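Quick caveat: nothing in here was measured; it's all calculated off a predicted structure. One is the number of the first residue; the rest follow in order along the sequence. Atom set for the values below is all heavy atoms of this structure, side chains included, hydrogens, waters and symmetry mates excluded.
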Amino acid sequence: MRNSPVPATMQAALVHEANGAFEIAERPVPEVSAGHVLVRIAASGVNPLDTKIRAGAAAHAKHPLPAILGMDLAGTVVQVGAGVIRFHVGDEVYGLVGGVGGLQGTLAEYAVVDADLLAHKPANLSMREAAALPLVSITAWEGLVDRARTSAGHKVLVHGGAGGVGSVAIQIARSIGTDVYATVKPSQFDVVRSLGATPINYTTSTPTAYVLEHTADEGFDVVYDTVGGATLDASFQAVRRYTGHVVSALGWGTHALAPLSFRGATYSGVFTLMPMLSGKGRSHHGEILTQISKLVEAGQIRPVLDTQRFTLAQVEQAHARATGGQSTGKIVVDLV
């Protein structure tokens, strides 16, 4: 199918300075380039990192302001650049595509996207549901599959099991055939149980206690820390001796490695932004999302969405809800 005609301008949400308000403005629709596609964005996921970039508190994302924020999208391909063979005009796609490293974000009606970062949207999800998945599912997959080599029969502990990455990590681990446990507060027990994990109350139970109760003091084969800080230190105490593996998406602090070393276990960090920032390894993100689509279509992964809906004109309120601790799942901004 030929490239579709597109308007000359689009609506986009811009932030001009750290902690600045969003401005909804007319911007030129970017021109498609070789290896890229132009996507008409239907929905944009809101991640905690988006709010940190807006606040000027995420130097590692290297996204200078003023900028269009937003990393996740779901939408429809409307133009295809030279050399792109996986996608065609009219394809419904999703991906983690911008909002860092100077790449245009997804709080806009259109974006030119490196085709390697995209996958075909799960057929059984709405655009809104699909936009909730890219960052969290890639992060979960890289930790469990790429780093820890999680396999059937493992006992997996997910710290922060009711969060965005944690909720998907539980479901990926379950799809592999593991026995999954998740640290949460009591109000989140039902959420992680519904995803297939056994809840552990982190507010009252210590690593020593839950390792004894759930692993007969052997430790968990894989511990995925999605919280950071003291939770990563607790992970080093909870992992199985010799063969255990700790992974963390927030391993940025200063930590004592002695507890991990004395268990003879290993550690890996997950830095999901690296392919976008470096330009290297981008096709693997598209490959991961292709696998996620298969799991979603097989009924093994479902996104957990916040009940409140937002339009592009309400992006300020969406960010406020994300930072206010009121959401009950992933926040998504609808653009169509």
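Within the 4.5 Å cutoff, no side-chain heavy atoms of V77 are placed close to those of V84. Within the 4.5 Å cutoff, the side chain of V246 has no heavy atoms near those of the T266 side chain. Using a 4.5 Å heavy-atom threshold, the side chains of V37 and Q79 count as separate. Two residues are said to be in side-chain contact when any heavy atoms from C-beta on lie closer than 4.5 Å; N201 and V184 fail this criterion. Proximity of D91 to H120: side-chain heavy atoms (C-beta onward) are separated by under 4.5 Å at one or more points. Using a 4.5 Å heavy-atom cutoff, the side chains of V93 and F87 are in contact. Contact of the L144 side chain with the V222 side chain is registered, since non-hydrogen atoms from C-beta on lie closer than 4.5 Å. In this structure, Q291 and K294 have side chains that are in contact, with non-hydrogen atoms separated by less than 4.5 Å.
Side chain of R241 to main chain of R263: no donor-acceptor pair is present (N/O by atom type, distance under 3.5 Å, no hydrogens or angles). Distance alone, capped at 3.5 Å, is enough to place a donor-acceptor pair between the K121 side chain and the L125 backbone. At distances below 3.5 Å, at least one donor-acceptor pair connects side-chain atoms of D225 with backbone N or O atoms of G228. Looking at T215, its side chain does come within 3.5 Å of a backbone N or O of V211 through a donor-acceptor pair. Counting only distance, with no hydrogens or angles, the side chain of D146 and the backbone of G143 share no donor-acceptor pair below 3.5 Å. The main-chain N or O of S44 is never found under 3.5 Å from a side-chain atom of D72 such that the two would form a donor-acceptor pair. The main-chain N or O of A173 is found under 3.5 Å from a side-chain atom of T178 such that the two form a donor-acceptor pair. A donor-acceptor pair under 3.5 Å is absent between the side-chain atoms of D50 and the main chain of L69, judged by distance alone. For S33 (side chain) and H36 (main-chain N/O), no donor-acceptor pair under 3.5 Å exists by modelled atom type. The backbone N or O of Y110 sits less than 3.5 Å from a side-chain atom of Q104, completing a donor-acceptor pair.
More than 12 heavy atoms of other residues, nucleotides or ligands shown are found within 6.0 angstrom of CD on E297. With a 6.0 Å radius and a threshold of 12 heavy atoms from other residues, nucleotides or ligands, R86 has its CZ atom above the threshold. Within 6.0 Å of atom CZ in F271, more than 12 heavy atoms from other residues, nucleotides or ligands are found, so the atom counts as buried in its surroundings.
Between G161 and I170 the shortest heavy-atom distance is O-CD1, 3.5 Å. Of all heavy-atom pairs between A265 and G244, the closest is CB-O, 3.4 Å. Between V332 and A131, the shortest heavy-atom distance links the atoms CG1-CB, 4.2 Å. Nearest heavy-atom pair across H63 and G102 is ND1-N, 3.1 Å. Smallest separation of non-hydrogen atoms from A111 and I41: CB-CD1, 3.8 Å. Listed here is the closest heavy atom pair of V191 and A162: CG1-CB, 4.4 Å.
Note: F236 and H255 have perpendicular aromatic rings, judged against thresholds of 30 and 60 degrees for the angle between ring planes. Taking the six-membered ring where tryptophan is involved, the planes of H319 and F22 are perpendicular, since the angle between them exceeds 60° and thus also 30°.
The existence of a salt bridge linking R240 and D221 is confirmed by a sub-4.0 Å separation between a basic side-chain nitrogen and an acidic carboxylate oxygen.
Under the 3.5 Å distance criterion, with hydrogens and angles disregarded, no donor-acceptor pair is assigned to the side chains of E92 and T76. A donor-acceptor contact under 3.5 angstrom links the side chains of S268 and H245, judged on distance only. Inspection of the H159 and T183 side chains reveals an N or O donor paired with an N or O acceptor under 3.5 Å. For the 3.5 Å distance criterion, the side chains of T139 and T272 qualify, holding a donor opposite an acceptor. The closest side-chain donor-acceptor pair between S293 and Y94 falls under 3.5 angstrom. Inspection of the D179 and H214 side chains reveals no N or O donor paired with an N or O acceptor under 3.5 Å.
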Determine whether F220 and V239 satisfy the following criterion, side-chain contact (heavy atoms from CB on, under 4.5 Å), listing intermediate values before the conclusion. CA-CA 5 Å; F220 295 89; V239 70; 5.9 Å; no

Mind running side-chain contact (heavy atoms from CB on, under 4.5 Å) on L117 and M276 for me, showing each step along the way? CA-CA 9 Å; L117 295 170; M276 289 191 293; 4.2 Å; yes

List the steps, then state whether side-chain hydrogen bond (donor to acceptor under 3.5 Å, both in side chains) holds for R302 with S194. CA-CA 11 Å; R302 60 177 175 85; S194 73; 3.1 Å; yes

- Would E26 and Q11 count as a side-chain hydrogen bond (donor to acceptor under 3.5 Å, both in side chains) if you check the C-alpha gap in whole Å, the side-chain angles of each, and the deciding distance to 0.1 Å? CA-CA 5 Å; E26 288 283 331; Q11 292 278 302; 2.4 Å; yes

*asked:* Could you go through N124 and V296, starting from their C-alpha distance and side-chain angles, then the distance that decides it, and tell me whether this counts as side-chain contact (heavy atoms from CB on, under 4.5 Å)?
replied: CA-CA 8 Å; N124 57 337; V296 171; 3.4 Å; yes

Practice task
Report the C-alpha distance between V97 and D114 in whole Å, list the side-chain angles of each, state the deciding distance to 0.1 Å, and finish with yes or no for side-chain contact (heavy atoms from CB on, under 4.5 Å).
Solution key: CA-CA 7 Å; V97 304; D114 186 333; over 6 Å; no

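A continuous path of hydrophobic side-chain contacts links L273 to L289 [ILVMFWY only; heavy atoms under 4.5 Å]. No path of Ile, Leu, Val, Met, Phe, Trp and Tyr side chains, each step under 4.5 Å between heavy atoms, connects Y210 with V180, placing them in separate hydrophobic clusters. V100 and V39 fall within a single hydrophobic cluster, where Ile, Leu, Val, Met, Phe, Trp and Tyr are joined by side-chain heavy atoms under 4.5 Å apart, directly or via other members. By the rule that hydrophobic residues join a cluster once side-chain heavy atoms approach within less than 4.5 Å of another member, V227 and V304 end up as members of separate clusters. In the hydrophobic clustering of this structure, L73 groups with I24; members are Ile, Leu, Val, Met, Phe, Trp, Tyr whose side-chain heavy atoms approach within less than 4.5 Å, directly or through other members.
With M71 as the fixed residue, the side-chain contact (heavy atoms from CB on, under 4.5 Å) test singles out one of L49, L107, T106: L49. Partner of T226 under the side-chain contact (heavy atoms from CB on, under 4.5 Å) criterion, chosen from V168, V165, V247, L232: V165.
Atoms NE2 and OG1, on H284 and T290 in that order, are 11.0 Å from each other to the nearest 0.5 Å. To the nearest 0.5 Å, atom NZ of residue K330 and atom OG of residue S167 are 9.0 Å apart. Atom CG in L65 sits 10.0 Å away from atom NE2 in H16 (nearest 0.5 Å). Rounding to the nearest 0.5 Å places CZ of R27 at 13.5 Å from CD of E109. Taking CZ of R128 as the start and CG of L305 as the end, the distance is 5.0 Å to the nearest 0.5 Å. In this structure, CZ in R174 is found 13.0 Å from CD1 in I301, a value given to the nearest 0.5 Å.
Annotation: salt bridge (charged side-chain N to carboxylate O under 4.0 Å, His left out) contacts of D306 (sequence neighbours excluded): R321.
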